[in-house]
Every structure is written in C-alpha cells, then in structure tokens.
Amino acid sequence: MKEDLIYEILSVVEEIPQGNVATYGQIARLIGREKNARLVGKALSVAQYYGDYPCHRVVNHAGRLVPGWKEQGELLKEEGVPFRDSTHVDIKKCIWDC
DNA sequence: CCGCTGACTTAAA
DNA sequence: ATTTAAGCCAGCG
C-alpha cells in the first residue's frame with residue numbers, strides 16, 4: 001500500500017537532524033525508490049495528515065523551499081539552517097550527510 | 001479510460 | 001552555465 005511508502009519516508013524524515021535538511025532524491029534513494037522523488041513530495045504533503053513530522057526539513061535539490069508555504073523558512077531558521085535567500089536555503093552547508 | 005499537473009532528479013546536448 | 005529529455009507515481013477532470 002502507499003501507506004508503506006509514507007512510513008518509509010516519514011521514518012527517514014524523522015531521522016533528519018535539526019539544523020540539516022534532506023532532498024527528495026536523497027530520501028527517495030534511501031527508501032529504495034530513487035526515481036520516485038516526486039512521490040516523496042506527494043507523500044510529505046499527506047504526511048501532515050498522517051501525523052506531525054518535520055517535513056519542513058525536506059527541500060528540493062536546489063534548496064528551494066516548498067512553494068506556497070510561509071512558515072517553513074522560519075522553522076528552518078529556528079533550527080539554524082543557513083539561508084541563501086528568503087526562499088532558498090544553503091543546502092550546500094546544511095545538507096543531511098547520510 | 002486518457003491526459004495533465006505536481007512539495008523532483010539526473011544525465012546529456 | 002543553461003536548456004532538453006526522460007523516468008516514476010498519485011490525484012483530478
């Protein structure tokens with residue numbers, strides 16, 4: 001079921017240390033679905049519905065924050081994530097080293 | 001049932 | 001450095 005996918009993704013997202021961020025591709029690779037990065041984003045969108053997860057620590061490969069989300073930047077700042085600008089984080093420095 | 005869109009990524013030209 | 005193409009899955013009209 002797709003819920004299993006949610007579980008795997010959420011498990012990984014939950015493992016992301018504070019002050020770091022992970023990319024969809026990174027997570028997708030960890031869960032064994034390298035090509036399913038899109039599903040990770042989709043799953044995260046429903047992840048909030050499943051429970052409270054740090055989905056704000058997950059950004060795209062460019063470090064671009066989720067479109068249409070205002071608090072994400074603030075949340076990441078609170079965790080000490082370096083920002084390049086209001087909508088992009090310095091993923092180079094805060095990328096989750098797995 | 002078909003096709004498009006989307007919190008995506010990587011490789012190649 | 002920038003643009004194109006392709007790959008994958010789920011939801012919606």
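Values below: every heavy atom of this structure, side chains too, minus hydrogens, waters and symmetry copies. Note on naming: letters A, B, ... go to the chains in the order of the sequence lines (proteins, then strands), and numbering restarts at 1 for each one.
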**Student:** C/dA6 and B/dA7: how far apart are their P atoms, nearest whole angstrom?
**Tutor:** 23 Å
**Student:** Taking heavy atoms of chain A and a 4.0 Å limit, find me the 5'-most and 3'-most nucleotide of DNA chain B within that range.
**Tutor:**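 For DNA chain B, the relevant span reads B/dG6 to B/dT10.
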**Student:** To the closest 0.5 Å, what do you measure between CG (A/L39) and CD1 (A/I27)?
**Tutor:**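 Taking CG in A/L39 and CD1 in A/I27, the distance rounds to 12.5 Å.
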**Student:** Enter the distance from A/R57:CZ to A/E14:CD here, rounded to the nearest 0.5 Å.
**Tutor:** 9.5 Å
**Student:** Under 4.0 Å, heavy atom to any atom of DNA chain B: which of residues 54-63 of chain A qualify?
**Tutor:** A/N60, A/H61
**Student:** Going from CG on A/L10 to CD on A/Q48, what distance comes out if it is rounded to the nearest 0.5 angstrom?
**Tutor:**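 CD of A/Q48 is found 10.5 Å from CG of A/L10.
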**Student:** Considering all heavy atoms of both residues, which atom of A/C98 and which atom of A/L30 are nearest to each other, and what is their separation?
**Tutor:** SG-CD2, 3.6 Å
**Student:** Using a 4.0 Å cut-off on heavy atoms, which residues in residues 33-52 of chain A reach DNA chain B? List them by number, or say none.
**Tutor:** A/A37, A/R38, A/G41, A/K42, A/L44, A/S45, A/Q48
**Student:** Nearest 0.5 Å, what's the CD1-CG distance between A/I6 and A/L44?
**Tutor:** 8.0 Å
**Student:** To the nearest 0.5 angstrom, please state how far the CZ atom of A/R64 sits from the CZ atom of A/R84.
**Tutor:** 12.0 Å
**Student:** Return the residues of residues 67-75 of chain A meeting this criterion: a heavy atom under 4.0 Å from some atom of DNA chain B. Order them by number, or give none.
**Tutor:** A/P67, A/W69
**Student:** Short of 4.0 Å, heavy atom to strand atom, which residues of residues 77-87 of chain A count as contacting DNA chain C?
**Tutor:**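 Within this stretch, nothing sits under 4.0 Å of the strand.
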**Student:** According to a hydrophobic-cluster definition based on side-chain heavy atoms being under 4.5 Å apart (Ile, Leu, Val, Met, Phe, Trp, Tyr only), do A/V66 and A/I91 belong together?
**Tutor:**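 No, A/V66 does not connect to A/I91 through the hydrophobic network.
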**Student:** Going by side-chain contact (heavy atoms from CB on, under 4.5 Å), A/V21 matches just one of A/V59, A/L65, A/D90. Which one?
**Tutor:** A/V59
**Student:** Round to a whole Å and report the spacing from CZ of A/R29 to C1' of C/dG7.
**Tutor:**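 Value for this atom pair: 14 Å.
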**Student:** Which atom pair, heavy atoms only, marks the closest approach of A/N20 to A/I95?
**Tutor:** OD1-O, 4.0 Å
**Student:** Return the value, rounded to whole Å, for the distance between atom CD1 of A/I9 and atom C1' of C/dC9.
**Tutor:** 11 Å
**Student:** To the nearest 0.5 Å, what is the distance between CD1 on A/I16 and OH on A/Y53?
**Tutor:** 12.5 Å
**Student:** For residues 88-98 of chain A, which residues have at least one heavy atom under 4.0 Å from DNA chain B?
**Tutor:**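 Contacting residues: none.
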**Student:** Closest approach of A/F83 and A/S86, non-hydrogen atoms and distance?
**Tutor:**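 Taking A/F83 first and A/S86 second, the nearest heavy atoms are CE2-O, 4.2 Å.
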**Student:** Return the minimal non-hydrogen interatomic distance between A/Q72 and A/H56, and the atom names on each side.
**Tutor:**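 Shortest heavy-atom contact: NE2-O, 3.0 Å.
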**Student:** Can you get from A/W96 to A/V40 by hopping between Ile, Leu, Val, Met, Phe, Trp and Tyr side chains that sit under 4.5 Å apart?
**Tutor:**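 In one cluster: yes.
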**Student:** Nearest heavy-atom pair of A/A43 and A/I9: which atoms, and what distance?
**Tutor:**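 A/A43 and A/I9 have their closest heavy atoms at CB-CD1, 3.4 Å.
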**Student:** Identify the heavy atoms of A/T87 and A/D85 that sit nearest to each other, and give their distance.
**Tutor:**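 The answer is N-OD1, 2.7 Å.
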**Student:** Return yes when atom CD of A/Q18 has more than 12 non-hydrogen atoms of other residues, nucleotides or ligands closer than 6.0 Å, and no otherwise.
**Tutor:** yes
**Student:** Group every Ile, Leu, Val, Met, Phe, Trp and Tyr by side-chain heavy-atom contacts under 4.5 Å, then state whether A/Y7 and A/V46 land in the same group.
**Tutor:**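 Looking at the clustering, A/V46 is in a separate group from A/Y7.
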